[in-house]
Amino acid sequence: MPAVTVDNPLTLPRVTPPAEEARQQRRALQVTTAPSGFEGEGFPVRRAFAGIDYKNLDPFIMMDQMGEVEYAPGEPKGTPWHPHRGFETVTYIMDGTFIHQDSHGGGGTIADGDTQWMTAGSGLLHIETPPESLVMSGGLFHGLQLWVNLPRKDKMIAPKYQDIGSGNIKLLASADGGALLRVIAGELDGHTGPGVTHTPITMIHASVGPGAELTLPWRADFNALAYGLAGRGTAGAEGRPFRTGQSVVFGRGDTLTIRADESQESRSPNFEVVLLGGQPIREPMMQYGPFVMNTHAELAQAFEDFQAGRLGTVPAQD
C-alpha cells in the first residue's frame with residue numbers, strides 16, 4: 001500500500017492552502033477507535049465510524065476498512081448475493097483484487113488503487129468476491145467500503161455503476177511536496193476527482209511523509225472526517241494524536257491539518273489517511289441492514305420488495 005503513487009510528488013500539481021491569517025482552522029473534536037469484526041463470508045473489517053453520532057457523519061453512513069490481511073491459499077473471502085436500496089457504496093481497493101457483479105448489469109474487477117461506485121437507488125442485488133486466482137494463491141488484501149446516503153429525492157433513482165480505474169484518480173501534492181493526495185471524488189483547490197456523486201462529497205487518500213504537515217482548503221459547508229489507514233500522526237492545528245484504525249471528527253472551518261509523526265510503523269513509511277467531507281443532507285435517516293431510507297414505512301416496503309423479488313434476480317451463471 002498504496003498502489004497508486006509517483007516517484008517524485010514535486011512533479012504533480014500542488015494544493016495551495018489559504019494564507020495563514022485567512023484560515024479558519026477546523027479543530028479535531030473527537031477521536032474514536034474502530035472496533036474489529038467480520039463481514040460477508042468472514043473477511044476481517046474495522047468499523048471506522050462506530051461511536052460517531054450520525055449528525056457528524058451525514059451524508060456518510062458507515063465505512064469498513066477491509067483487511068489489511070495476508071491470506072493463505074484457500075482463505076480469501078467475499079460476500080454472498082445481497083440487496084441494497086437508498087444509498088451508494090464506494091469500494092476502494094489498495095491491495096488485492098475484488099470482483100463486483102449486480103442484478104442491474106453493473107460489474108467489473110478492481111485491484112490496486114481502483115474504485116467501484118455503485119448507486120443502489122431504487123434497489124438491486126449484488127455480490128463481491130475475490131477472483132479464483134487469489135483464492136488459490138492467497139495474498140495481501142486491503143480496501144475500504146464507504147456508504148454514502150442519497151437525499152429523499154434520489155432514493156428511488158435507477159441503479160448505476162461506475163468503474164473508476166486507478167489511472168483516472170487525480171494525483172496532487174501538498175505545497176511542499178511532503179504529501180501525495182489521491183482525489184477519488186469531489187473537488188480540492190480547483191482539481192476534481194473522477195467519481196460522479198449525487199450527494200456533494202470529497203474523498204481523498206493522502207500519504208503524508210514522516211514529519212510532514214498537510215494543510216488543505218476545505219469547503220466550509222462540508223463536514224470533515226479523517227481515518228488512519230496506517231501509521232500515526234496528529235489532527236488539527238492543536239495536534240490531537242490519532243493512528244491506524246482511528247477516526248477524527250473535525251469542527252467547523254475552511255481548512256484542515258494533518259501531520260505525520262517523525263517515526264512511522266515499519267510496515268508503512270508514510271502516514272496513510274482517508275479524508276472525507278460532504279454536504280449534510282439533514283433528512284431523517286433510517287437504516288435496516290442493507291436498506292437506508294427516510295422512514296420506517298419505507299424500510300418495511302424495501303424489505304417487502306426484496307422478498308417479492310422486485311429488487312432484481314441473481315443473473316444466470318455461464
Side-chain angles (χ1 to χ4, degrees), residues 37-41 43 45 47-50 52-55 57-64 66 78-92 98-108 110 115-129 143-164 184-185 195-201 203 223 276 278-317:
F38 293 91
E39 189 55 80
E41 296 170 334
F43 57 85
V45 297
R47 310 289 190 189
F49 295 158
I52 300 175
D53 193 302
Y54 177 67
K55 70 181 182 185
L57 296 175
D58 184 14
F60 307 109
I61 301 164
M62 57 154 276
M63 186 170 72
D64 282 346
M66 305 181 294
T79 66
W81 283 96
H82 58 283
H84 285 308
R85 173 180 279 181
F87 65 103
E88 300 183 285
T89 67
V90 182
T91 307
Y92 172 52
F98 232 24
I99 299 172
H100 170 97
Q101 185 181 10
D102 67 52
S103 58
H104 198 256
I110 56 172
T115 302
Q116 61 186 17
W117 199 296
M118 186 186 78
T119 304
S122 60
L124 44 58
L125 309 179
H126 84 138
I127 186 172
E128 294 162 308
T129 58
L144 288 174
Q145 185 167 98
L146 172 71
W147 288 15
V148 185
N149 201 5
L150 288 170
R152 187 191 306 270
K153 66 181 179 63
D154 291 332
K155 282 199 176 291
M156 297 299 285
I157 60 176
K160 179 182 177 181
Y161 178 80
Q162 300 175 63
D163 189 0
I164 303 172
I184 298 169
V196 178
T197 72
H198 290 276
T199 304
I201 73 165
M203 181 178 182
N223 63 357
L276 296 168
Q279 192 171 60
I281 296 172
R282 296 193 175 92
E283 295 175 350
M285 190 277 288
M286 303 287 178
Q287 179 188 353
Y288 180 76
F291 307 125
V292 181
M293 306 301 291
N294 294 107
T295 67
H296 288 295
E298 290 168 345
L299 286 177
Q301 185 63 56
F303 190 71
E304 180 182 319
D305 288 347
F306 167 57
Q307 289 188 313
R310 291 189 285 268
L311 267 61
T313 56
V314 175
Q317 301 299 309

With a 4.5 Å limit on heavy-atom distance, are the side chains of D58 and M285 in contact?
no
For the residue pair F303 and F291, does the interplanar ring angle fall in the parallel (under 30°), tilted (30 to 60°) or perpendicular (over 60°) class?
perpendicular
Apply the test side chain to side chain contact (heavy atoms under 4.5 Å, CB included) to residues N294 and M286: give CA-CA distance (whole Å), side-chain angles for both, the deciding distance (0.1 Å), then the verdict.
CA-CA 5 Å; N294 294 107; M286 303 287 178; 5.9 Å; no
Would you check, one step at a time, whether the test side chain to side chain contact (heavy atoms under 4.5 Å, CB included) holds for R310 with Q301?
CA-CA 11 Å; R310 291 189 285 268; Q301 185 63 56; 4.0 Å; yes
Side chains of V45 and Q145, heavy atoms from C-beta outward: is any pair under 4.5 Å?
no
For G123 against P159, the heavy-atom pair lying closest together:
O-CG, 3.6 Å
M293 vs Y288 side-chain heavy atoms within contact, under 4.5 Å:
no
Output for pair (D102 CG, T89 OG1), nearest 0.5 Å, gives 9.0 Å
Any non-hydrogen side-chain atom of L311 less than 4.5 Å from a side-chain atom of S103?
no
Any side-chain heavy atom of N149 within less than 4.5 Å of one from E283?
no
Can you tell me how far CE of M66 sits from CG of L144, rounded to the nearest 0.5 angstrom?
7.0 Å
Between OG1 on residue T199 and CZ on residue F60, distance to nearest 0.5 Å:
9.0 Å
Correct closest heavy-atom pair for A158 and S122 would be CA-OG, 4.4 Å
Gap separating the CD1 atom of I201 from the CE atom of M203, nearest 0.5 angstrom
7.5 Å
Considering all heavy atoms, the nearest I127-T79 contact:
CG1-O, 3.0 Å
Interatomic spacing from CD in E128 to CD1 in I110 - rounded to 0.5 Å:
7.5 Å
Counting neighbours of NE2 on H82 that are heavy atoms of other residues, nucleotides or ligands and sit closer than 6.0 Å, is the number greater than 12?
yes
Less than 6.0 angstrom separating the ring centers of H100 and Y161, yes or no?
yes
Are W117 and V196 side-chain neighbours, meaning at least one heavy-atom pair lies under 4.5 Å?
no
Looking at side-chain heavy atoms only, is the closest gap between H84 and W147 below 4.5 Å?
yes
Has the side chain of Q287 got a donor or acceptor atom that lies under 3.5 Å from a matching backbone atom of G289?
yes
Rounded to the nearest 0.5 Å, what's the gap from NE2 on H104 to CE on M118? Could you check?
11.5 Å
Audit row: K160, E88, salt bridge (Lys or Arg N to Asp or Glu O under 4.0 Å) steps and yes/no
CA-CA 9 Å; K160 179 182 177 181; E88 300 183 285; over 6 Å; no
Would you say that V292 contacts I61 through its side chain, given a criterion of any heavy-atom pair below 4.5 Å between the two side chains?
yes
Between G108 and Q116, what is the shortest heavy-atom contact and its length?
O-OE1, 4.3 Å
Closest non-hydrogen atom pair, P284 against R152:
CD-NH2, 4.0 Å
